[in-house]
Amino acid sequence: MNIRKRIALAAAVTALGTGLAVAPAAHAAPAHSVQQAAVKASCNHYSGTKLTKAGQTGSAAAKRIREVQCLININTSYPTLLDVDGKFGTKTYNAVVSVQKHAFPNDSSQWDGQVGTKTWAKLRSGVWW
């Protein structure tokens, strides 16, 4: 998904959350203004910090995975919009590793594709990459 579509998605999510109506614009707003509006967005699927990784199943894991997928879509510039389907497959794993590389560039031990307390905190810290 290109940056203009991501900006439009973030603006729409923000507008829906505040009850504002948004008319389509001829040109996309500057990225920084939309990002500031979406800071600390929550997807409301899960609010904890339990370790979340590939191979987990069940409804509780699916809620955590949907939260990860949604937070990556809203709070990062990951180039591919993830399906928020609750399945921790290859696409979600690759997105998590990419997020971890951006979040912890000097600590390769964090690039494990698992969402633990540090990765949860970074995903929830607002738009940052």
Side-chain angles (χ1 to χ4, degrees):
M1 173 174 278
N2 69 34
I3 190 68
R4 289 180 191 251
K5 288 182 183 177
R6 284 184 167 277
I7 291 169
L9 175 63
V13 168
T14 301
L16 288 173
T18 60
L20 299 174
V22 177
H27 300 286
H32 66 279
S33 64
V34 173
Q35 289 175 344
Q36 289 171 347
V39 168
K40 297 195 179 188
S42 174
C43 301
N44 297 318
H45 296 288
Y46 174 74
S47 61
T49 59
K50 187 171 182 178
L51 180 66
T52 303
K53 59 185 181 177
Q56 293 178 326
T57 59
S59 62
K63 287 179 183 180
R64 294 192 312 271
I65 295 164
R66 281 194 297 274
E67 184 75 8
V68 169
Q69 292 165 330
C70 182
L71 288 169
I72 289 171
N73 287 344
I74 291 175
N75 287 347
T76 75
S77 295
Y78 188 69
T80 304
L81 190 64
L82 296 174
D83 290 332
V84 181
D85 59 6
K87 298 175 185 172
F88 204 123
T90 303
K91 291 179 183 178
T92 300
Y93 174 85
N94 290 338
V96 168
V97 170
S98 181
V99 164
Q100 290 170 328
K101 286 181 178 181
H102 282 85
F104 315 108
N106 300 317
D107 187 2
S108 60
S109 69
Q110 295 296 318
W111 307 346
D112 59 6
Q114 300 179 22
V115 183
T117 55
K118 290 182 180 180
T119 303
W120 276 117
K122 194 62 177 178
L123 285 171
R124 291 187 174 126
S125 68
V127 176
W128 53 273
W129 160 57

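Computed from heavy atoms alone, side chains included, the values below leave out hydrogens, waters and symmetry copies. Numbering of residues begins at 1 and proceeds along the displayed sequence.
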* Listed by chain and number, what are the side chain to side chain donor-acceptor pair (under 3.5 Å) partners of Q56, not counting sequence neighbours? -> R64
* Asked: Out of curiosity, does W111 fall in the hydrophobic cluster containing V115 (side-chain heavy atoms, cut-off under 4.5 Å, transitive links)?
  -> no
* To do: Using the six-membered ring wherever Trp is involved, compare the ring planes of W120 and Y46 and label them parallel, tilted or perpendicular (cut-offs 30° and 60°).
  => tilted
* So, the side chain of Q100 versus the backbone of Q114: is there a donor-acceptor pair under 3.5 Å, distance only? -> yes
* Asked: Are any of the side-chain heavy atoms of T52 and I65 separated by less than 4.5 Å?
  -> yes
* Between V84 and H45, is any pair of side-chain heavy atoms under 4.5 Å apart? -> yes
* W129 and S98: which non-hydrogen atoms are nearest, and at how many Å? -> CH2-OG, 3.4 Å
* To do: First locate atom OG1 of T76, then atom NE2 of H102, and finally report the distance between them rounded to the nearest 0.5 Å.
  => 9.0 Å
* Asked: Name the one of D83, V96, L82 that satisfies side-chain contact (heavy atoms from CB on, under 4.5 Å) with Q69?
  -> L82
* To do: Output, in order, the C-alpha distance, side-chain angles, deciding distance and verdict of side-chain contact (heavy atoms from CB on, under 4.5 Å) for N75 and L123.
  => CA-CA 7 Å; N75 287 347; L123 285 171; 5.8 Å; no
* **Value rounded to 0.5 Å, distance of CZ in R66 from OG in S59** => 8.5 Å
* **Main-chain N/O of K122 paired with S125 side-chain donor or acceptor, under 3.5 Å** => yes
* Going by heavy atoms in the side chains, are L71 and R124 under 4.5 Å from each other? -> yes
* Give a yes or no on whether V97 and F104 share a hydrophobic cluster (residues Ile, Leu, Val, Met, Phe, Trp, Tyr; joining criterion: side-chain heavy atoms under 4.5 Å apart). => no
* **K118 NZ to D107 CG distance, which is reported to the nearest 0.5 Å** => 6.0 Å
